[in-house]
Amino acid sequence: MHNRRSDALDEVFEHFLHGSNIFREREVLTHDYIPEKFPHRESEIRYLGEIVAPALRGSLHSNVLIYGKTGTGKTAVMQFVLSSLTHKAKELGSPMKVCFLNCRLSGTEYRIFSSLCNAISVRVPFTGLALAEVFDRFREGLESTKMALVVVLDEVDAIVKSRGDFLLYELTRINENLGQSKISIVGISNDLRFKEFLDPRVLSALSEEEVIFNPYNADQLRDILMDRARLAFQEGILSEGAVKLCAALVAAEHGDARRALDLLRVAGELAEREGAQSVLEEHVRRAEKRIEHDRVGEVLKSLPTHSKVVLLSVCILNRANVRHSITGDIYNVYCELCEESDIAPLTQRRVSGLINELDVIGLLNTRVVSLGRYGRTKKIHLGIPKTFIRNILCQDERFAPLFEYVPRCLTAYPTE
DNA sequence: TGTCCACTGGAACGTACGGCTT
DNA sequence: AAGCCGTACGTTCCAGTGGACA
């Protein structure tokens, strides 16, 4: 047993050490790689360059809003433009600085302001200060630097949707109180309806210029993939069919180039692992399944305990041939499962909220229905296979026995 | 036509926590 | 040490609702 295992591993390690015969440079296909060329984005690059150029003289440039769905190259293009800008600014000794922030990753207005402070070397604590205090320190710090600051807020819609537009309102007004320094804002949004969430004053200040990144079509995706593939793969390894399929599969969805690159990378990894001589269409098809499987698995594992119990409750009702369970039934089963495993149950209101969250991430599908005299509720069914949920949740020993549990409330349940 | 069910979903509030300022 | 702040997660309260049923 031991020998067999070490032989197998030995082969894996040897294979690794002798270098990949598929990849030349795998990193080229990862998300954080910024390429030198952006096929089909030349005009956007030029336009953005024209907009931010005044920063080179230390003066204000127009605020910009960039729209586009995920994987249309907004972030990468902007980073590319900014790195060229800072490079040029260094050459010229221009009094400017760039601060690139991802609002979704930062999470809160406080953290965004504190990142802005860090960008201009003002130290603020992780927490503890009033938001207004952090903002004041930022403004004072900025004023003393006497420079133009370009603030790029990536995924700005995330912060506006969850916290309102206080942050943008303050930032767009800050120039009124600055004498020596200036700040220009570039907002990047995935959501085209993002404007609806903004105060009209903020909107007009922010969208002096607008740039829209349209999704890539299959031909454009193919060009992008070919470009990267030349760097990423060994010569002659990648079949043209595989590239075409990647482009076609992704274009049929939302034209997300990031996803296309993922697909190509995973296809390459699959081919590599089985020692294939080339990356074929079949590898791409398997990669597509693998990516989806992994994504859902990760989401499931990272779910909070109560959400897992809710999901489990839906599984149990599903097992009892209740195809569309309703909130009340799920809550009953949920309470029993909590009792069974010594977890303090949450209120129905909270559970109803958890069900909504599970709906948003696609693990459940819900629909509000009215059953007339029998009230208004939600019909809920699983968004992914029961066996898959079982496989993942059973890795937690608390949940494994619960899958076999037969709830008391079910015995009285009228089957559909 | 009015009643009434079983919720939905918004809003306000409570509690715990980490970490700052004074 | 006390007071405050933002954040996360939860509870409590309650008006609103679509449609079957009497």
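All values below come from the heavy atoms of this structure, side chains included, with hydrogens, waters and symmetry mates left out.
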Item to check | Candidate nucleotides B:dT21, B:dC7, B:dG9, ranked by approach to the side chain of A:K378 - the nearest | outcome: B:dG9
Item to check | Distance in angstrom units between A:I112 CD1 and C:dG6 P, rounded | outcome: 15 Å
Checklist entry - Whole-Å distance between B:dT8 C1' and A:L354 CG? => result 15 Å
Checklist entry - Whole-Å distance between C:dT7 C1' and A:F113 CZ? => result 17 Å
Next on the checklist: Could you check whether A:R26 makes a cation-pi contact with A:Y33, meaning its NZ or CZ is under 6.0 Å from the centre of the six-membered ring and within 45° of the ring axis?
Outcome noted: no
Checklist outcome for this item: With the side chain defined as heavy atoms from C-beta on, A:I326 is closest, among B:dG9, C:dG10, B:dC7, to B:dC7
Checklist entry - When the aromatic ring centroids of A:F233 and A:F23 are compared, is their separation below 6.0 Å? => result yes
Item to check | A:T327 side-chain N/O to B:dC7 phosphate OP1/OP2 under 4.0 Å | outcome: no
Checklist entry - Within this structure, what is the CD1-to-P distance between A:I330 and B:dC7, rounded to whole angstrom? => result 10 Å
Checklist entry - Where the side chain of A:R376 is defined as all heavy atoms beyond and including C-beta, which of C:dT17, C:dT7, C:dG10 is the nearest nucleotide? => result C:dT17
Next on the checklist: With a cut-off of less than 4.0 Å, is there a side-chain N or O of A:S352 near OP1 or OP2 of B:dT8?
Outcome noted: yes
Checklist entry - Base, sugar-phosphate, or nothing: which does A:E133 touch, judged by heavy atoms less than 4.0 Å apart? => result nothing
Item to check | Rounded distance in Å - CZ (A:F135) to C1' (C:dG6) | outcome: 17 Å
Checklist entry - What nucleic acid atoms does A:R367 come within less than 4.0 Å of, heavy atoms only: base, sugar-phosphate, or nothing? => result nothing
Checklist entry - With respect to the side chain of A:R350, which nucleotide from C:dT12, C:dG10, B:dC7 is positioned closest? => result C:dG10
Next on the checklist: Without decimals, in angstroms, what is the distance between A:L346 CG and C:dG10 P?
Outcome noted: 5 Å
Checklist entry - How close or far is atom P of B:dG19 from atom OH of A:Y110, stated in whole angstroms? => result 12 Å
Checklist entry - Do A:E292 and A:R295 sit within salt-bridge range, that is, some charged N less than 4.0 Å from a carboxylate O? => result yes
Next on the checklist: Which nucleotide wins on minimum distance to the side chain of A:R373, given the candidates B:dT8, C:dT12, C:dC21?
Outcome noted: C:dC21
Checklist entry - Closer than 4.0 Å, any side-chain N/O of A:N356 to the OP1 or OP2 of B:dG9? => result yes
Item to check | Donor-acceptor pair under 3.5 Å, A:R349 side chain vs C:dG10 base | outcome: no
Checklist outcome for this item: Whole-Å distance, A:Y374 OH to C:dG18 C1', equals 15 Å
Checklist entry - Do A:E274 and A:H283 meet the criterion of a side-chain donor-acceptor pair at a distance under 3.5 Å? => result yes
Item to check | Residues, nucleotides or ligands: over 12 heavy atoms within 6.0 Å of A:H31 NE2 | outcome: yes
